[in-house]
Amino acid sequence: MELIKKGRAYVCSLTAEEMREYRGTLTEPGKDSPDRERPVAENLDLFERMKNGEFEDGACVLRAKIDMSSPNINMRDPVIYRIKKMSHPRTRDTWCIYPMYDFTHGISDALEGVTHSLCTLEFQDHRPLYDWLLDEVSVPCHPQQIEFARMNLNYTVMSKRKLQKLVEKNHVDGWDDPRLPTIAGIRRRGYTPAAIRNFCNIIGVSKKESRIDVGLLENCLREDLNEIAPRVMAVLDTLKVTIENWPEDGKTEELEALNHPQKPEMGTRKIIFSRTVYIEQDDFMENAPKKFFRLAPGREVRLRYAYFITCKDVIKDKDGKVVELVCTYDPATRGGDSPDGRKVKGTLHWVSQEGSVPATVNLYDRLFISEDPEADSDDFTKNLNPESLVRLEGCRVEKSLLNAEPEKAYQFERLGYFCADSKDSSEDHLVFNRTVTLRDTWAKVSQR
RNA sequence: UGGGGCGUCGUCAAGCGGUAAGACACAGGAUUUUGAUUCCUGCAUUCGGAGGUUCGAAUCCUCCCGCCCCAGCCA
């Protein structure tokens, strides 16, 4: 109203297509709308009737009267109010006009008393309009708009519109899907605030468009998690091991394990050893190369915090798949050290039949296979990683995890950092999410 | 070919006229009951390019090159 009265805004009846033509192009100036000199009184009347719903959507708009020949297209009499006959959450159906973002932006900043209004690079061209509006409309102060580059991470998408598409097309299981870079998602995934703050500090703020390596984020995460996460043992892909020289009478033994090797103040816990234990399928290889420090026929390894065991026999099913190992243990190595000074190259994590409970584990990986999903295809959903979620059933975790608090970080030794899922995990059915893996030098070396 | 931005290591990023920080990645090595952690060591004679100013330039000037954004009654 103020702008109209000052002769700085007018109701324009051009159609959308006409307005586009009148606007000119990047290199040619635009030309004035025939309605540009409409008298103030008429503008006031028309605007009132727009508000009241006397016109259909698109019939006319309110435009700021600035400069149709400006090299900045945003200044060529931008639309500031248009008719939209939709119900407003607050004013319901009494107002049929809605302001454009550019009109609202500066004014709401000013009303809120904001001193600096931060936004992204694409609004740089809008700043003259932002300032124009603040100069022409009576507001308590004149905030300063400053633009910065948005943060891009590789192997994911960050824009709300794209994330919305992923949610709506069911490519993910909702806004809090742990694969999504949403607050709800990364929280459920187990990301910590401290890690994210540190990450933000490290990457800095600039006007340069960049794409940051998620590896950096993951590193910040590991740095924090390594400090705070208690260690625990879990076997994801189980391979049964029978200790043949352990009594068959159901004898179990309690052993003591450190909650954090570098932080004795985090205490210890009891773990249970018995005749039947499980190790990771990956930790056994029938024809192992010398550099393979784990279990193989005839080789001896340490079961962490327990005993040295030696593989005596391999049991396979009819398809030739290894289903069970028969081993012997050395009673003298209780706790994991050999009195004769004998050294062993590998230490494996394990879990015993009696000391563990079943669990489901969600292995999350990057959502996209492409570093820049938006650029590498006309449809970014084509670059989705089919293995961004691998759900493992039948895992076994040590019993101390029965009362794991949702979203609290644990390190599953030798595997990564995990947390109980805040939605799906219960004491009857434990569900853990992998936050991030441990750094795995062996995986890198073994692949070449 | 109008206007607005941006260009320093593979990826981020300090630096603002006094002779290229740091982090991640990468490559070696040491310690290790997690092939984890930790710890050493190496990694831009050069800052998009070319000229110029200066005792001295990534920093100042000129020209050039490359990339991004803008022609919604979207935000």
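These numbers were taken from a predicted model, which means no experiment stands behind them. Below, each value reflects all heavy atoms present in this structure, side chains not excepted, and no hydrogens, waters or symmetry copies. Convention: sequence-line order gives letters A, B, ...; per-chain numbering from 1.
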Practice item. Go through residues 254-277 of chain A and report each residue with a non-hydrogen atom lying under 4.0 Å from RNA chain B, sorted by number. Key: A:P261, A:Q262
Study note, to complete from the structure: Checking N1-N3 plus N6-O4 or O6-N4 for Watson-Crick, or N1-O2 and O6-N3 for wobble, each under 3.5 Å, the partner of B:C24 is B:G10
Review point. Rounded to whole angstroms, how far apart are CZ on A:R211 and P on B:A13?
Key: 13 Å
Could you write out each protein N or O paired with an N or O of nucleotides 39-41 of chain B at a distance under 3.5 Å?
none

Review point. At under 4.0 Å between heavy atoms, what does A:R231 touch on the DNA or RNA strands: base, sugar-phosphate, or nothing?
Key: base
Check your understanding: Which nucleotide in the set B:C24, B:C73, B:C70 lies at the smallest distance from any side-chain heavy atom of A:R23?
Key -> B:C73
**Study point:** ring-ring contact (aromatic ring centres under 6.0 Å, His included) against A:H88, all qualifying residues, sequence neighbours excluded
**Key:** A:Y98
Check your understanding: At under 4.0 Å between heavy atoms, what does A:Q411 touch on the DNA or RNA strands: base, sugar-phosphate, or nothing?
Key -> base
Practice item. Report the distance from atom CG of A:N74 to atom C1' of B:C70, rounded to the nearest whole Å. Key: 6 Å
Point to revise | A:D125 CG to B:C6 C1', straight-line distance once rounded to whole Å | key: 13 Å
**Study point:** Pair partner, B:C16 [Watson-Crick or wobble, under 3.5 Å]
**Key:** none
Exercise for review: Select base, sugar-phosphate, or nothing to describe what A:L26 touches, counting heavy atoms under 4.0 Å on all strands.
Suggested key: base
Check your understanding: To the side chain of A:I73, which of B:G4, B:A71, B:C73 is closest?
Key -> B:A71
Check your understanding: Is there a Watson-Crick or G-U wobble partner for B:U38 with both distances under 3.5 Å, and which nucleotide is it?
Key -> B:A30
Practice item. Report the base-pairing partner of B:U53 (Watson-Crick or G-U wobble, both distances below 3.5 angstrom), or none. Key: none
Check your understanding: Hey, are A:R23 and A:E18 close enough for a salt bridge, meaning a charged N less than 4.0 Å from a carboxylate O?
Key -> no
**Study point:** Nucleotide opposite B:C73 in a Watson-Crick or G-U pair, distances under 3.5 Å
**Key:** none
Study note, to complete from the structure: The glycosidic conformation of B:G72, counting syn as within 90° of 0 and anti otherwise, is syn
Check your understanding: Under 4.0 Å between a Lys/Arg side-chain N and an Asp/Glu carboxylate O for A:K6 and A:E136?
Key -> yes
**Study point:** Within residues 88-104 of chain A, residues whose heavy atoms come under 4.0 Å of RNA chain B
**Key:** A:M100, A:Y101
Exercise for review: Please check the phosphate of B:G7 (OP1 and OP2 only) for any side-chain N or O of A:K207 closer than 4.0 Å.
Suggested key: no
Exercise for review: Sequence neighbours left out, what passes ring-ring contact (aromatic ring centres under 6.0 Å, His included) with A:H105? Give chain and number order.
Suggested key: A:Y101, A:Y130
Review point. Would one find a side-chain N or O of A:K345 under 4.0 angstrom from OP1 or OP2 of B:G35?
Key: no
Practice item. With sequence neighbours left out, write down each residue that passes ring-ring contact (aromatic ring centres under 6.0 Å, His included) with A:Y81, or none if nothing qualifies. Key: A:F47, A:F103
